[in-house]
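Order of appearance sets the numbers: ligands from 1, and atoms from 1 within every ligand.
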Amino acid sequence: MKMSELKKIGFIGTGIMGAAMAGHLMDAGFEVSVYNRTKSKAQKLIERGARWCETAGECAKGQDVVITIVGYPKDVEQVYLSAGGIVDSAKNGAYLVDMTTSSPIVAEKIYNAAKLKNLHAVDAPVTGGDIGAKNATLTILVGGDEQDFDALKPVFEVLGKNIVYEGGAGAGQKTKACNQIAIAGTLAGVCEAFAYAKMSGLDIEKVYAAISSGAASSFQMSGVVRKGLDDDFKPGFMLKHLAKDLAIGVETATAYGKTLPILSMVLHELRKMEEEGKGAEGTQALLKYYGIKN
Ligand code: NAP
C-alpha cells in the first residue's frame with residue numbers, strides 16, 4: 001500500500017462493518033482512535049492498540065482523517081453537526097469521510113458545513129456486505145470534490161477494491177441508493193421464486209441447483225438465500241438497515257416527482273417485518289417471512 005501523508009484516523013462506528021474496517025486501517029499502519037455508542041463493540045480494537053475516545057468530537061480532534069460508519073441519517077447528522085461534534089472539533093484541513101449508507105441531502109449539508117470551516121467532506125458509502133468489510137474487498141462510492149477523492153485514495157485502498165468517484169457531494173449516496181434499489185427487487189424476486197418452489201411441492205435444493213447458476217443467478221441467491229437454506233441466520237446485513245436504505249430511495253425519488261413501484265412494495269414488506277420485531281435480523285430472515293424456512 002502507498003502510505004500517504006495522512007497518518008492519524010478517528011474512526012466512529014465500530015459495528016458489524018466498522019470494526020473490521022478500523023482493524024484493516026490499524027494493520028496498514030495508521031494511528032487509529034475509535035468511538036462507538038456502545039463501547040464494548042470497540043473492545044477488540046482497543047485491546048489491539050486503538051485509542052478510545054469518549055465522544056465523536058474527541059475522536060475527531062487532531063486527526064488527519066475522520067471516518068464514520070454509523071446507522072441512520074439521523075446518527076450521521078448527530079455525530080457531524082451537533083454542537084461539539086465532528087465539524088466543530090476537526091482540525092483545519094482535515095478530511096471527513098462518511099461511509100454510512102445515508103441520505104444524499106444529509107451528505108450535501110455536511111459538505112457545505114465542512115466547507116465553511118476549511119474541512120474536506122466526502123460521502124463514501126460501501127457495498128460488498130460484512131464479507132467485503134472483513135476481506136477488505138468493499139466497493140466504495142464517493143461523492144464530493146475530486147481532489148479530496150484523490151487525496152483519500154490510499155485510505156480507501158486499504159478497505160476496498162473497486163473505488164469509484166461518482167461526482168459532487170451526495171453522488172456517492174445516490175449511487176448507493178441505485179445499488180439498494182436493484183437489491184430490493186432482486187431479493188424479493190428470489191424469495192418469491194423459492195416460495196413458489198415450496199408451495200408447488202418441488203425439492204428446494206434441486207431448484208437451487210438448477211437456477212442458481214443460470215440467467216437468474218445473483219448474489220442475493222448465492223449469498224443471502226444460500227445462507228438461509230443452510231440455517232445460518234447470523235445477521236450480516238440487518239433488515240432495519242435495508243428498510244432505511246429503501247426509504248432513502250423512496251424519499252429522494254418522491255422529491256424528484258417520481259415513484260418506483262417495486263421499491264415501494266418491498267419497503268412495505270420490510271416495514272411489516274420491523275413491526276413484528278424482526279428489524280435486527282439479517283436479510284436471510286426473509287426466507288422465514290416467505291415461509292421457505294421455519
Ligand atoms: P451496526 O452493526 O449497527 O454498526 C453501526 C455502529 O454505529 C453501531 O455499533 C452503533 O452503536 C454505532 N452508532 C450508531 N449511531 C451512533 C452515534 N450517534 N454515535 C456513535 N456510534 C453510533 O451496523 P453495520 O451493519 O455495521 O452498518 C453500518 C452502516 O453501514 C449502516 O448505514 C448500513 O446500512 C451500512 N452498510 C452495512 C452493510 C452490511 O452488510 N452490514 C453493508 C453496506 C453498508 P450501537 O452499537 O450502540 O448500536
Among all residues two or more places apart in sequence or in another chain, which pass the ring-ring contact (aromatic ring centres under 6.0 Å, His included) test with Tyr35?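 Scan of Tyr35 (ring-ring contact (aromatic ring centres under 6.0 Å, His included), adjacent residues dropped) gives Trp52.
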
What residues sit with at least one heavy atom under 4.0 Å from ligand 1?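 Within 4.0 Å of ligand 1, the protein residues are Gly13, Gly15, Ile16, Met17, Tyr35, Asn36, Arg37, Thr38, Lys41, Ile69, Val70, Gly71, Asp75, Gln78, Val79, Thr100, Thr101, Val126, Gly129, Asp130, Lys176, Gly236, Phe237, Met238, His241, Lys244, Asp245.
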
With sequence neighbours left out, what residues match Arg48 under side-chain hydrogen bond (donor to acceptor under 3.5 Å, both in side chains)?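 Residues passing side-chain hydrogen bond (donor to acceptor under 3.5 Å, both in side chains) with Arg48: Asp27.
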
Test applied, side-chain contact (heavy atoms from CB on, under 4.5 Å); reference residue, Val79; option that passes from Ile86, Ile110, Thr100, Asp98: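 The single option meeting the side-chain contact (heavy atoms from CB on, under 4.5 Å) with Val79 is Ile86.
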
Does some side-chain heavy atom of Thr101 sit less than 4.5 Å from a side-chain heavy atom of Lys244?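 Yes - at least one pair of side-chain heavy atoms lies under 4.5 Å apart.
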
Linking Ile, Leu, Val, Met, Phe, Trp and Tyr by side-chain heavy atoms under 4.5 Å, what else ends up with Ile16?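 In the cluster with Ile16 are Met238.
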
Checking the side chain of Gln220 only, and the main-chain atoms of Thr186 only, is there a donor and an acceptor separated by less than 3.5 Å?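 A pair under 3.5 Å: no.
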
